[in-house]
Structures are given as structure tokens and as C-alpha cells.
Amino acid sequence: MALILAALPAQAAVLSFEGLGTTFVPDGYGGFAWDTFYAESPSDYIFDDPAEVPPPNALYNLLPYPYIGSVAINRGGGAASLTRDTAFTFVGTDLMAAHNDGLEVTVTGLRDGLQKYTDTLTLDTSGPTAFDANWTDIDTLIFAAAGGVPNSRYTDISSTLFGLDQLEYTSSSVAHAPLPAAAWFLVTALGGLAGAGALRRRSSAQVVARDGSGQ
């Protein structure tokens, strides 16, 4: 039964930062420790028409108008990270630049301090970029941004600020992989041989008991 349960696929979880308001993403959210990620709610701009009064940065385009919800940003534009005590699979996330078009964000996946994956994405302010990673067996994600040119729509501010939303992951809590089909046949065959041997020993013992031999 344990092996059957181990063979079942892990369920994906999605972090949307809903309900956090405007605050640093707290440790423990989604089972992660968060460093420099800040949840920002655009509720102050809920009555603005984005066609007439643009929000202060493009990150609100990660959310449907009228901007209800929250996004996570790299507070101050520096590197930001999240880590977990146990390994997980990073399925993917949506990323978007706040002010600079052509912003480059390098994402790195680590396990026990060693780099396993890295990829660099080019973001802009026109819409989110979906990052389909499917990075397995990691415990840390680091996001670092650099470069780009400010978009004049957002008050000519140049920054390496980016946002992310809909971060999807699965836990890698299963300690043992399921046995392959060949191994199942081997286990079954060995079990059958052991059962047959036990049956022969019981039959022999009954014969000895009846004829009195072997004393």
C-alpha cells in the first residue's frame, strides 16, 4: 500500500499572495522562508482608469482590473529568494518588470547550496512572462534582476523592480521511488518460491510425523 501511495503524483500548489495586503511576505507562507520579497496590494488604485491614469508601475498588469489582489515584488530591486526545509519541484511562475523594458531576471535553483538550474528571462512592462521551469529536487530559488530601459509611461523611473504571481510548486516529500514493473515481477516470483518452499517443508514434516522416521 505504501508503494502504491508513493507512486501517486504530488499535488501542485499555487501561491497567489492573496490576502497578504501590503507587507513583507511572511516566513512560513506556502511553507517557505522568504527574503526581500514584499507583497504589494494595488487596492489604492482600484477606482483609477488605467487608460487615463496609469498605476505607479506596470506590476498591476499582473492582476485583472480593477487590480484586486496582491503581487510579490523584490523590494528595493535587489536579489530576492525563497527557501524550503524539504525539496520541492518549481513548476513555474508569472514574472513582469515594474518600470524597465528589457529587464533581465536570472532565476537560479539550488539544492543544499549547490546550483542545479539557472535561466535568464527578459521582461518588459507590457505584460507578464510565463516561466515554465519544472525544476525538480531543489530547496532554494533566487531571483536577481539587472538592466533594461525605463518606460516613460511609468514616470521615467528606472529600476530593477519586478513582480511575480501564481508561483506553482509541488512538494517532494516521497522518500522512495516506486518499484519498476520488472521489480514487481521479481518480488512476486520470490514470494511464490518462498511460499512453495514452506509448503514442501510442512508436507515433509507431516510424513515424518506419520511414519515415525527421522527419530
Side-chain angles (χ1 to χ4, degrees), residues 9-43 56-64 67-100 103-125 127-148 159-175:
Q11 295 298 312
V14 179
L15 301 181
S16 61
F17 309 99
E18 299 300 319
L20 294 182
T22 301
T23 181
F24 281 103
V25 179
D27 283 346
Y29 179 69
F32 293 91
W34 300 80
D35 183 22
T36 315
F37 271 115
Y38 193 83
E40 187 169 304
S41 174
S43 58
N57 62 59
L59 295 183
Y60 301 115
N61 291 328
L62 279 167
L63 302 166
Y67 309 138
I68 297 174
S70 297
V71 297
I73 64 175
N74 58 326
R75 183 69 177 266
S81 65
L82 57 147
T83 187
R84 194 177 180 92
D85 290 337
T86 56
F88 65 96
T89 294
F90 171 44
V91 179
T93 191
D94 291 337
L95 291 150
M96 188 169 178
H99 299 107
N100 286 10
L103 180 70
E104 292 191 342
V105 175
T106 299
V107 188
T108 304
L110 309 176
R111 178 66 192 271
D112 297 327
L114 299 178
Q115 178 179 306
K116 290 194 65 176
Y117 305 94
T118 189
D119 202 349
T120 298
L121 310 172
T122 301
L123 311 180
D124 58 37
T125 60
T129 295
F131 179 33
D132 299 319
N134 292 311
W135 293 353
T136 62
D137 194 36
I138 61 173
D139 57 25
T140 301
L141 280 173
I142 300 174
F143 297 79
S159 80
T160 54
L161 195 72
F162 68 87
L164 65 90
D165 199 16
Q166 303 298 311
L167 189 148
E168 186 175 356
Y169 70 95
T170 60
S171 298
S172 301
S173 57
V174 177

Measuring from atom [atom1] of [X] to atom [atom2] of [Y], what distance do you get when rounded to the nearest 0.5 angstrom?
X      : Y      : atom1 : atom2 : value
Phe131 : Asp119 : CZ    : CG    : 4.5 Å
Gln166 : Leu15  : CD    : CG    : 9.0 Å
Leu161 : Tyr38  : CG    : OH    : 12.0 Å
Phe90  : Thr170 : CZ    : OG1   : 11.5 Å
Phe37  : Ile73  : CZ    : CD1   : 10.0 Å
Asp124 : Thr129 : CG    : OG1   : 6.0 Å

Would you say the side-chain atoms of [X] pair up with the backbone N or O of [Y], donor to acceptor, closer than 3.5 Å?
X      : Y      : result
Asp132 : Gly92  : no
Asn100 : Gly147 : yes
Thr160 : Gly77  : yes
Thr122 : Glu104 : no

| message | Just so I know, are the side chains of Leu141 and Thr108 near enough to count as touching, which here means a heavy-atom distance under 4.5 Å? | response |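 No, their side chains stay 4.5 Å or more apart.
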| Minimum side-chain heavy-atom gap Phe143-Leu121 below 4.5 Å | no
| Thinking salt bridges, do Arg84 and Asp139 make one under a 4.0 Å N-O criterion? |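 Not counted as a salt bridge, because no side-chain N and carboxylate O are separated by less than 4.0 Å.
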[X] versus [Y], closest heavy-atom pair with distance:
X      : Y      : value
Ser70  : Glu18  : N-OE2, 3.9 Å
Asp165 : Ser16  : OD1-O, 3.2 Å
Thr23  : Leu20  : CG2-O, 3.2 Å
Leu103 : Ala146 : CD1-O, 3.6 Å
Ala145 : Val105 : CB-CG2, 3.8 Å
Ala87  : Asp137 : CB-OD1, 3.4 Å

| Between Thr89 and Thr136, do the side chains contain an N or O donor and an N or O acceptor separated by less than 3.5 Å? |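 Result is no, nothing qualifies.
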| query | Using the ring of each side chain (for Trp, its six-membered ring), is Trp34 parallel, tilted or perpendicular to Tyr29, with breaks at 30° and 60°? | reply |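 Answer is tilted, since the angle falls between 30° and 60°.
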| message | Working note: Leu167 + Val14, criterion side chain to side chain contact (heavy atoms under 4.5 Å, CB included); need CA distance, chi angles, decisive distance, verdict. | response | CA-CA 5 Å; Leu167 189 148; Val14 179; over 6 Å; no
| task | I would like to know whether Phe24 and Arg75 meet side chain to side chain contact (heavy atoms under 4.5 Å, CB included); could you show each step before the answer? | result | CA-CA 8 Å; Phe24 281 103; Arg75 183 69 177 266; 4.0 Å; yes
| Are Tyr169 and Phe32 close enough that their ring centers fall under 6.0 Å? | yes
| said: I'd like to know whether Thr36 forms a side chain to side chain contact (heavy atoms under 4.5 Å, CB included) with Ser81, so could you lay out the CA-CA distance, the side-chain angles of the two residues, the decisive distance to 0.1 Å, and finally the verdict. | reply: CA-CA 7 Å; Thr36 315; Ser81 65; over 6 Å; no
| Partner set under side-chain hydrogen bond (donor to acceptor under 3.5 Å, both in side chains) for Asp94, not counting sequence neighbours |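 In terms of side-chain hydrogen bond (donor to acceptor under 3.5 Å, both in side chains), with neighbours along the sequence ignored, Asp94 is linked to no residue.
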| message | Would Leu123 and Met96 count as a side chain to side chain contact (heavy atoms under 4.5 Å, CB included) here? Give the steps. | response | CA-CA 6 Å; Leu123 311 180; Met96 188 169 178; 5.6 Å; no
| query | Out of Ile142, Thr118, Ile138, which one pairs with Leu110 under the side-chain contact (heavy atoms from CB on, under 4.5 Å) rule? | reply |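 That would be Ile142; it is the only one of Ile142, Thr118, Ile138 passing the side-chain contact (heavy atoms from CB on, under 4.5 Å) with Leu110.
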